[in-house]
Amino acid sequence: MTMTSLVFLHDPIDLLLLSLLISVVGGFASLLLRTCDAAAIRVAGLAGTVAAAVGLCASLSSLSGSPQVLDVAGPYPFAHFILRLDPLAALMVAVISLLSLVASIYSLSYVREYAGRGVGAMGFFMNLFVASMILVVVADNAFWFLIFFEMMSLASYFLVIFDQDEEAVSAGFLYFFVAHAGSVLIMAAFFIMANYAGSFDFAAFRTAPVPAPLNSLVFLLGFLGFGAKAGMIPLHIWLPRAHPAAPSHASALMSGVMIKIGIFGIIKVGIDLLGGSGGVVWWGLLVLAFGAVSSVLGVVYALVEHDIKKLLAYHSVENIGIILLGVGVGMIGIASGNPTLAVLGLMAGLYHLVNHAVFKGLLFLGAGSVIYRMHTKDMEKMGGLARTMPWTALSFLIGALAISAIPPLNGFVSEWYTYQSLFAAAFDGTPLVKFAAPIGAMLLALTGALAVMCFVKAYGVIFSGPSRHHHADEVREVPAPMLVGMGLLAVACVILGLAAPVVAPVIGGIAAATIGTQAVAMADGALLLPGNAQQAVLSPPLIAVLLVALAALPVILKSVLSGGQRLQQRRGAAPWAAGYLPDEHMSATAASFAQPIRMFFGPLYDVRKTIAGGWGKVAIAFERLVTVARRTEPCWDRNIIDPVTEGVGAMGRRLQTIQGGDFRVYCLYIVAALVVLLALTVR
Amino acid sequence: MPDLSHLVLAVCQALLLLAAAPLVSGFSRVIRAKMHTRHGPGPLQDYRDLLKLMNRQDVQPPSAGLVFRIMPVILMATLLVIAMGTPILTRFCPISASGDLITTIYLFALARFFFALSGIDSGSSFAGIGASRELTMGVLVEPVMLLALVIAALLAGSTDLGTIGTAIATGHVHSMTATILAAVAFAFAVYIELGKLPYDMAEAEQELQEGPLTEYSGPSLAIIKWSLALKQVLVVGWFTGVFLPFGSSPDLSLVGVLFGLLVFVAKVVVIFFVVGIIENSVSRARFRFTPQHSWLGVGMASLAFVFYLVGL
């Protein structure tokens, strides 16, 4: 490589293009190699890994500073191909690349499970899926944004239906339907904005404000459209069905990243594009309300699931809710002219977005590892796997602690910021905000407590206690690439928590740049602070150090107080079972563990039935529409086409009688014609 | 970051609470014996019990794994970290970086997470049920705690426990009714956290064979029993630090801290006396009816919230 090309690659946007090129080339190579499974897996995985590493380099250097723009003339005046790598887009690219890096490494072993079932196509769709997600976040023209958004939905649709069984196909259909209903709304929002901007470029959208009543309509359309993609309740219905159907590394990407594109879109429409026309307080309150409902209901539904991937998918609904709480506060801050609150709220949402991508990716990969060995998704048929798969268990435990917001891991830090932003909103807001924000905080606490219960159950039933399966000999630790993939994300969970004093100001800077205001103090040395130190301080590294240091005390107490005559530990005494011989069915199961919550929160499960019923009606209506269309189609033939063809034929037959073949009749025709013509001219 | 004198105070406070915890649980036993008109053991009995357990063998069920082994250590370490952050002897948090109300609630969740998980890990059915109940109680109690504390925090303008306590002690809260109602709601939640009758659900001794503790023995059981005693003192200290901070030291002077200690001892004696009377005069609530009880807490916290909103 020459010097000039090296210099050329220093530009982040060129690096990004290189990453996209590698993805696309890798995808097509994988498709070409589809007859040779091993080669296809390797090519797709390695291309994905390299592309993601390059993408990560491109994005990390652009997390702060002014946006970089690449403007290529498009084929049509409205389709300017513009890519814009601003700090928010860079953050999204970084998250996508990190998850894609890990999923690609993981896929090198994991996809062998699918050998002989078209792994070449899977590699193609995976790479295309990643490339289209990156393009969506950097596209700066509504036309291309929609194209890439559709590409992303399509690529992920093919990953959902990969198994080709009835469940996957029907989940895929539902996903396809909701995704397109969402993109229609988004399209409508963009068209209204384009009408005022006179162009499809986002740059024009930013500077051309939409007048007052219409901007709320644009926001609502965008919010609902992107909300369907994000999977917020009640538009979540596709999510717990589509995510479990896809292969686990694809689920990790869908749950970790793709639904974040929905959040990105809400921020893009509500804050970035409509920023020029100013926010309205009720937009923020609406986002807050949807967030609170999604978080509580998501975790309540997750709690009663037996299917590990479905459980994780419902947790995505919950975490989308938590992210929306932060984003909602940010929008309230913008609308009420309080930039500190705006930055704090948006920062909390973005931080949780990053964290959720990391720990949910980790948990889905962990679930994939378990399924890889157990060949079932049913948690009731697992149990005691920590003994045979210790590293998978440890990674899953870290992910479970992080998602349950246990200090000092990353999930806690971002939830702490979310609480602080809600507190700040409640402290100086309008009466309505004062009323809503503490309730949001209380629901977040309920969500947190339920999440702890849910992940104690998930980890406990899968990895702890006696085993409830009968192929203990086959179950062993997964291959190294899968462990590396999970290990990287587990380390990221710890780093994003302990290094929060370094990470928080960066994300705070991104939030400030997105809103277009001054940065707010997020950290001071090793302390985290929400804007000001009077409100609260927190130091995850200090808590971690204290926890580790104080863990020595009970160990010392044990050895000092037990004196010299300490007996060895003894293992193997069966658990006490009221005098009966204990067996594995006596220990806690997924159903028994969550039973109290099912009992206490019964009405909330009825709500799900109502929502499902509502969507069921939509589905039935859709099916009726299809039936009607099927019935109408022959109608067109029968009532319009057929009569016309028949009429023409009949007329021809009738005309044939004129042409009888008798020349005397023909002479009569000529005479008659002459008489008619004469009569016409003489008159 | 905390300076050295704050750190010394934090370490002293944590060690003091740890050392005194068996005495407090022994005191509870004395009250129980008195109410039963039994002679009963002396207040130092729990120290003797712990020592005896320390010399016994540690026996584990065959399915127990890493979580089962490390839980006692994590439990005690977490509670000690909370003990360092809570304003108990002083008005301010010894280590304010962990003395935030949200951090404290979530540190308790850390302890709860491993405590419950060890129950499943043991493979015992009693421990599994106890674990489920422990977490269910957390679900019912944590929102009440948070709402009550957030109302107090909104009145004080900070989520730092020490700042809230100071504001209440100096009367710098503009809504006294809301504060008192929040205090009542929080006291109710704290009482449930104590794990005493009628809300002795997770470790219900006669019903579940001490729940998650069922399979523990020897030194591990000693550490857990000690930690649970510490937890009881700690949640009471948490309550007094926020809502009854009167008498604690506003500065770091030795005299002030010692006086704060004396006052805290008096508060603990009174509170545990009242708690002892309650727990020995009621029977266990039925587990399936506990939500009805926790609604009481939600109701009181909501009432406090309404009073805060209207500013009375």
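Note on naming: letters A, B, ... go to the chains in the order of the sequence lines (proteins, then strands), and numbering restarts at 1 for each one.
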A.B. asks: Give the member of A/Gly384, A/Ala405, A/Gly525 that has the highest number of heavy-atom pairs under 4.5 Å with chain B.
C.D. replies: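 Sorted descending by pairs with chain B, the first entry is A/Ala405.
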A.B. asks: Among B/Ile70, B/Ile151, B/Asp160, B/Val81, which residue has the highest count of heavy-atom pairs closer than 4.5 Å to chain A?
C.D. replies: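 The residue among B/Ile70, B/Ile151, B/Asp160, B/Val81 with the greatest pair count is B/Val81.
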A.B. asks: Side chain, backbone, both or neither: which part of B/Ile105 has a non-hydrogen atom closer than 4.5 Å to chain A?
C.D. replies: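 Neither part; nothing is under 4.5 Å.
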A.B. asks: May I ask you to name which of B/Met145, B/Met84, B/Lys52, B/Arg112 has the most heavy-atom pairs under 4.5 Å with chain A?
C.D. replies: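 Heavy-atom pairs under 4.5 Å are most numerous for B/Met84.
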A.B. asks: Quick one: what part of B/Leu80 sits under 4.5 Å from any heavy atom of chain A, side chain, backbone, both or neither?
C.D. replies: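 Contact with chain A: backbone and side chain both.
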A.B. asks: Between A/Tyr459 and A/Phe463, does the ring centroid distance fall short of 6.0 Å?
C.D. replies: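 Judged by ring-centre distance (under 6.0 Å), A/Tyr459 and A/Phe463 do meet the cut-off.
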A.B. asks: Considering only heavy atoms, which portion of B/Leu53 lies under 4.5 Å from any heavy atom of chain A: side chain, backbone, both, or neither?
C.D. replies: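 Neither part; nothing is under 4.5 Å.
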A.B. asks: Does any heavy atom of chain A fall under 4.5 Å from the side chain of B/Ala153, the backbone, both, or neither of them?
C.D. replies: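 It is both, since atoms from each part get that close.
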A.B. asks: Any idea which of A/Lys434, A/Met453, A/Glu415 has the most non-hydrogen atom pairs under 4.5 angstrom with chain B?
C.D. replies: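 Result: the option with the highest number of such pairs is A/Met453.
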A.B. asks: If only atom types and distance count, is the side chain of A/Lys457 paired as donor or acceptor with the main-chain N or O of A/Leu303 below 3.5 Å?
C.D. replies: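 Yes, A/Lys457 side chain to A/Leu303 backbone: donor-acceptor pair under 3.5 Å.
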A.B. asks: Tell me if a side-chain donor or acceptor on B/Asp121 pairs with a main-chain N or O of B/Phe68 at a distance below 3.5 Å.
C.D. replies: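 Side chain of B/Asp121 to backbone of B/Phe68: a pair is present.
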A.B. asks: Please confirm whether the ring centroid of B/Phe92 lies under 6.0 Å from the ring centroid of B/His6.
C.D. replies: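 Centroid separation for B/Phe92 and B/His6: below 6.0 Å.
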A.B. asks: Identify which of B/Thr136, B/Leu15, B/Val306 forms the greatest number of heavy-atom pairs closer than 4.5 Å to chain A.
C.D. replies: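 Top option by heavy-atom pairs under 4.5 Å: B/Thr136.
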A.B. asks: Would you check if the side chain of A/Gln534 reaches a backbone N or O of B/Ser158 as a donor-acceptor pair within less than 3.5 Å?
C.D. replies: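 Between the backbone of B/Ser158 and the side chain of A/Gln534 there is no qualifying donor-acceptor contact (under 3.5 Å).
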A.B. asks: Given the options A/Val456, A/Val452, A/Val537, which has more heavy-atom pairs under 4.5 Å with chain B than any of the others?
C.D. replies: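 Among the listed options, the one with the most contacts to chain B is A/Val456.
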A.B. asks: Please rank B/Ala77, B/Ala14, B/Gly128 by heavy-atom pairs under 4.5 Å with chain A and give me the top one.
C.D. replies: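 With the most close heavy-atom pairs to chain A, the winner is B/Ala77.
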A.B. asks: Should A/Phe412 and B/Thr103 count as side-chain neighbours, where that means a heavy-atom distance under 4.5 Å?
C.D. replies: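 The answer is yes, as the side chains (C-beta and beyond) meet within the 4.5 Å cut-off.
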A.B. asks: Are the side chains of B/Phe115 and B/Ile224 in touch, meaning some heavy atoms are under 4.5 Å apart?
C.D. replies: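 Side chain of B/Phe115 against side chain of B/Ile224, heavy atoms only: contact under 4.5 Å found.
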A.B. asks: Are B/Leu140 and B/His293 packed together at the side-chain level, in the sense that at least one heavy-atom pair is separated by less than 4.5 angstrom?
C.D. replies: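 No, their side chains stay 4.5 Å or more apart.
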A.B. asks: Who among B/Leu309, B/Leu66, B/Leu18 has the most heavy-atom pairs with chain A under 4.5 Å?
C.D. replies: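 With the most close heavy-atom pairs to chain A, the winner is B/Leu309.
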A.B. asks: Using heavy-atom distances under 4.5 Å, tell me whether B/Ser217 contacts chain A through its side chain, its backbone, both, or neither.
C.D. replies: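 Nothing of B/Ser217, per the 4.5 Å heavy-atom cut-off to chain A.
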A.B. asks: Any side-chain heavy atom of A/Leu527 sitting closer than 4.5 Å to one from A/Pro501?
C.D. replies: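 No - every pair of side-chain heavy atoms lies 4.5 Å or more apart.
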A.B. asks: Atom CZ in B/Phe287, atom CE in B/Met137: separation rounded to 0.5 Å?
C.D. replies: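 Rounded to the nearest 0.5 Å, the CZ-CE separation comes to 7.0 Å.
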A.B. asks: Please examine the side chains of B/Leu107 and B/Thr78, heavy atoms only from C-beta on, and report whether any two atoms are closer than 4.5 Å.
C.D. replies: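 Yes. Closest side-chain heavy atoms under 4.5 Å.
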A.B. asks: Who wins among A/Pro390, A/Ala424, A/Gly383, A/Pro466 for the most heavy-atom pairs under 4.5 Å with chain B?
C.D. replies: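 Highest number of pairs under 4.5 Å: A/Pro466.
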A.B. asks: Counting only heavy atoms closer than 4.5 Å, note whether A/Leu529 contacts chain B via side chain, backbone, both or neither.
C.D. replies: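 A/Leu529 has no heavy atom closer than 4.5 Å to chain B.
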A.B. asks: Kindly assign one of parallel, tilted or perpendicular to the pair A/Phe435 and B/Phe305, based on the angle between their ring planes and the thresholds 30° and 60°.
C.D. replies: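 The arrangement is parallel - the two ring planes meet at less than 30°.
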A.B. asks: Looking only at heavy atoms and a cut-off of under 4.5 Å, which of B/Gly157, B/Ala156, B/Gly99, B/Ser118 has the most pairs with chain A?
C.D. replies: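 Max contact count across the listed options: B/Gly157.
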A.B. asks: Is B/Leu154 close to chain A through its backbone or its side chain, or both, or neither, when contacts mean heavy atoms under 4.5 Å?
C.D. replies: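 Backbone plus side chain of B/Leu154, per the 4.5 Å heavy-atom cut-off to chain A.
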A.B. asks: Sort B/Val139 into side chain, backbone, both or neither according to what part of it lies under 4.5 angstrom from a heavy atom of chain A.
C.D. replies: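 Both parts, backbone and side chain.
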A.B. asks: Determine the option with the most heavy-atom pairs under 4.5 angstrom with chain B, choosing from A/Gly465, A/Pro530, A/Ala549.
C.D. replies: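 Heavy-atom pairs under 4.5 Å are most numerous for A/Gly465.
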A.B. asks: Which of the residues A/Ala386, A/Pro438, A/Ala536 is involved in the greatest number of heavy-atom pairs with chain B at under 4.5 angstrom?
C.D. replies: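 Option with the top pair count is A/Pro438.
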